[in-house]
Amino acid sequence: MPTPSVSETNRPTTNRAEIMLGLTLVTFTMILRIGIILGLRGDLTGDIDGYLGIAQQIADGNGFANPDTGQPTAFRPPLYPVLLSGWLAVGPLTIGVAILHVLLSAGTVWLTFATARRLGLSLVGATLAGGVVACDPLLARYAALPMTETLATFLAASLLYLSFGTSRLQQFLRGTAFGLAVLCRPTFWVFGGFAVIAWIIRTWGDQANEPHISLRNRIPWTTISVVCILVTPWMLRNWSVFSRPILMTTHGGYTLLLGNNPTFAREVVHQPFGTVWEGESLLRWQASLEDDMQAVGIATSDELDRDRYLRDRAIHFIRSEPTTFFQACWLRFRRFWGISPPESAVESVGRLWTRLGGPPDSVDMIKGGVRWSVRVFYLALFAAAVLGTFSKIHRPSWQPVFWLIISLMLVHLVYWSNARMRAPTLPAIALLAASVLRENQLSNRKTSPTHS
């Protein structure tokens, strides 16, 4: 997507020390992720979101199908299960998840480090940014789960890294990263929307200053073409299966209703912060939805009608309870930026400690230490990022960093939210936090956006 970029001459020159630091970060990340995945290897089979089942359906020749019914589905975005399905010709799917996540984690850290250098941060600042991503508790935890967090964060870091430059190759790579990102998590479309708005504003001003350059020559045709090439097969497949060219998924209606319904409002929104939706209540609510849809003649296999029905119910609730909706938005905001780890993650650390041979009577102490360590980590990280925001908010080259954070946060003000949804923003947050350190002298040079 069109994004602001800095001149190639403003980038710090790559040297041996920079390469060695980058490789050290990558090596550290891989060792850390391998250790976590080995310690929590049982979690690799926990197919909470159904991605492993869809990957198996693809490998078995059934196409992108619901693992429970065998029917074609568009409930989940396609990229992650498609990547996993390719591994099944080689070995067990869980090993494929582990290898993919280790490589993606290492790539994310390298891209964050390299982006920091492109933004003019010193080697110390760039190392800090990469180190934050390497050690981030949220990313480390989800490396052991077959979910999209690791892939989405890698693609987010790729988008930030590729925000620089205007050559045809750079446009091609930028379009590739964005096309894959929206096929991994449709929420990236909002980030693209921010980029388009900024491009329109910038182009409007440039057109007045440089009228001899036609608007057609300012449009990043290569980026747009690559995005279209990547997302069109998914749309055509959905058109063929569902008689509708679905660009995203059929999951949006459920996710919108999940955070905007009377039961959630009564049991969570109107309760003290930290109250969770108990599992039994959630299951009863889901069962009631199924009963309601059957009552109006919507079949279980009819994803389009189900998505539309659930979305309409959510919109009706929002319109009829605007005060509750805004209270829920405030709750989602706090959840998105939550600093306390979920109990499931704390319990996982307890299991890992036991497997490493730790004394059973020290498990509670370890879990308590993890809770407070994570809280201190995020408090320090967010405080530094806020300080970095004040110093960088007016710099054009930092615009994509802010767009990424703001766009994903805005989506999850309305849709279901928790700290897990924050994962793809972590490279951007790390960059802002690291920017509080003294910058490389190159960062003090005047930077200006160019057309991409």
- Task: Could you walk me through whether E18 and L21 pass the side-chain contact (heavy atoms from CB on, under 4.5 Å) test, one step at a time?
- Result: CA-CA 5 Å; E18 181 174 343; L21 278 172; 5.9 Å; no
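- Between D43 and R141 a salt bridge is recorded (basic side-chain N to carboxylate O distance below 4.0 Å).
- The closest side-chain heavy-atom distance from L119 to S397 is below 4.5 Å.
- For the pair A314 and L256, the tightest heavy-atom approach, listed with the atom from each and the gap, is CB-CG, 3.6 Å.
- Across I339 and V374, no two heavy atoms sit closer than the pair O-CG1, 3.4 Å.
- A cation-pi arrangement is present between R76 and Y51 under the rule of less than 6.0 angstrom and at most 45 degrees off the ring axis.
- Side chain to side chain, R332 and N260 meet the donor-acceptor criterion of an N or O pair below 3.5 Å.
- For the pair T389/F402, a side-chain contact is recorded, criterion being any heavy-atom separation below 4.5 Å from C-beta on.
- In this structure, W337 and F382 have perpendicular ring planes: the angle between them is above 60°, well past the 30° mark.
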- Task: Determine, stepwise, if the pair V82 / I58 fulfils side-chain contact (heavy atoms from CB on, under 4.5 Å).
- Result: CA-CA 7 Å; V82 168; I58 296 171; 4.0 Å; yes
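- Using a distance-only test at 3.5 Å, with no hydrogens or angles considered, a donor-acceptor pair links the side chain of R117 to the main chain of L121.
- Checked by atom type and distance alone, the side chain of R41 never pairs as donor or acceptor with a backbone atom of T94 at under 3.5 Å.
- Looking only at side-chain heavy atoms (C-beta outward), L100 and W87 stay at 4.5 Å or farther from each other.
- Contact of the I54 side chain with the F75 side chain is not registered, since no non-hydrogen atoms from C-beta on lie closer than 4.5 Å.
- Panel note: side chain S240, backbone L236; no donor-acceptor pair is recorded below 3.5 Å.
- A distance of 5.0 Å separates CG in L52 from CG in L93, rounded to the nearest 0.5 Å.
- Counting heavy atoms from C-beta on, the side chains of F172 and S167 never come closer than 4.5 Å.
- Between the side chain of D60 and the backbone N or O of N62 there is no donor-acceptor pair closer than 3.5 Å.
- Interatomic distance, CG of L104 versus CZ of R33, reported as 11.0 Å (0.5 Å rounding).
- Using cut-offs of 30° and 60° on the angle between ring planes, the pair W277 and W285 is tilted.
- Of the possible polar contacts, one joining the D307 side chain to the G253 backbone as a donor-acceptor pair under 3.5 Å is found.
- Ring planes of W110 and F113: tilted class, angle from 30 to 60°.
- Summarising the geometry of T324 relative to A265, their closest heavy-atom pair is CG2-CB, 3.6 Å, with the distance given to 0.1 Å.
- For W189 and F178, the ring centers sit closer than 6.0 Å to each other.
- Atom-to-atom distance recorded for S105:OG and I37:CD1 is 7.0 Å, nearest 0.5 angstrom.
- Across V133 and A430, no two heavy atoms sit closer than the pair CG2-CB, 3.8 Å.
- Side-chain polar atoms of E149 and Y80 form no donor-acceptor pair below 3.5 angstrom.
- Looking at heavy atoms from C-beta onward, M147 lies in side-chain contact with I48 at the 4.5 angstrom threshold.
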- Task: Apply the test side-chain contact (heavy atoms from CB on, under 4.5 Å) to residues L160 and L111: give CA-CA distance (whole Å), side-chain angles for both, the deciding distance (0.1 Å), then the verdict.
- Result: CA-CA 8 Å; L160 295 179; L111 288 167; over 6 Å; no
- After noting the C-alpha distance and the side-chain angles of D136 and Y378, does the key distance pass the side-chain contact (heavy atoms from CB on, under 4.5 Å) rule? CA-CA 9 Å; D136 182 86; Y378 282 125; 3.0 Å; yes
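- Side-chain contact annotation: R306 with T250, donor-acceptor N/O pair under 3.5 Å absent.
- When side chains are defined from C-beta on, L155 counts as touching L79, because their heavy atoms get closer than 4.5 Å.
- A donor-acceptor pair under 3.5 Å links the side-chain atoms of R422 to the main chain of G338, judged by distance alone.
- With hydrogens and angles disregarded, no donor-acceptor distance shorter than 3.5 Å links the side chain of T29 to the backbone of A134.
- A salt bridge is defined here as a Lys NZ or Arg NE, NH1 or NH2 lying under 4.0 Å from an Asp or Glu carboxylate O, and D49 with R420 meets this definition.
- The shortest side-chain heavy-atom distance between M409 and F333 falls under the 4.5 Å cut-off.
- Taking a cutoff of 4.0 Å between a charged side-chain nitrogen and a carboxylate oxygen, R244 and E303 do not qualify as a salt bridge.
- The two residues L437 and G125 come nearest to each other via the heavy atoms CD1-CA, 3.9 Å.
- The distance from the CD1 atom of I318 to the CG atom of N261 is 10.5 Å, given to the nearest 0.5 Å.
- When all heavy atoms are compared, the tightest approach of A434 to L128 is CA-CD2, 4.0 Å.
- When only modelled atom types and interatomic distance are considered, T222 and R168 share a side-chain donor-acceptor pair under 3.5 Å.
- The closest donor-acceptor contact from the side chain of R174 to the backbone of T223 lies at 3.5 Å or more, if one exists at all.
- Put simply, CZ on F377 and CG on L138 are 10.0 Å apart, with the number rounded to the nearest 0.5 Å.
- Looking at H412, its side chain does come within 3.5 Å of a backbone N or O of W416 through a donor-acceptor pair.
- At least one donor-acceptor pair under 3.5 Å links the side chain of N238 to the backbone N or O of W234.
- A distance of 9.0 Å separates CG of D302 from CZ of F242, quoted to the nearest 0.5 Å.
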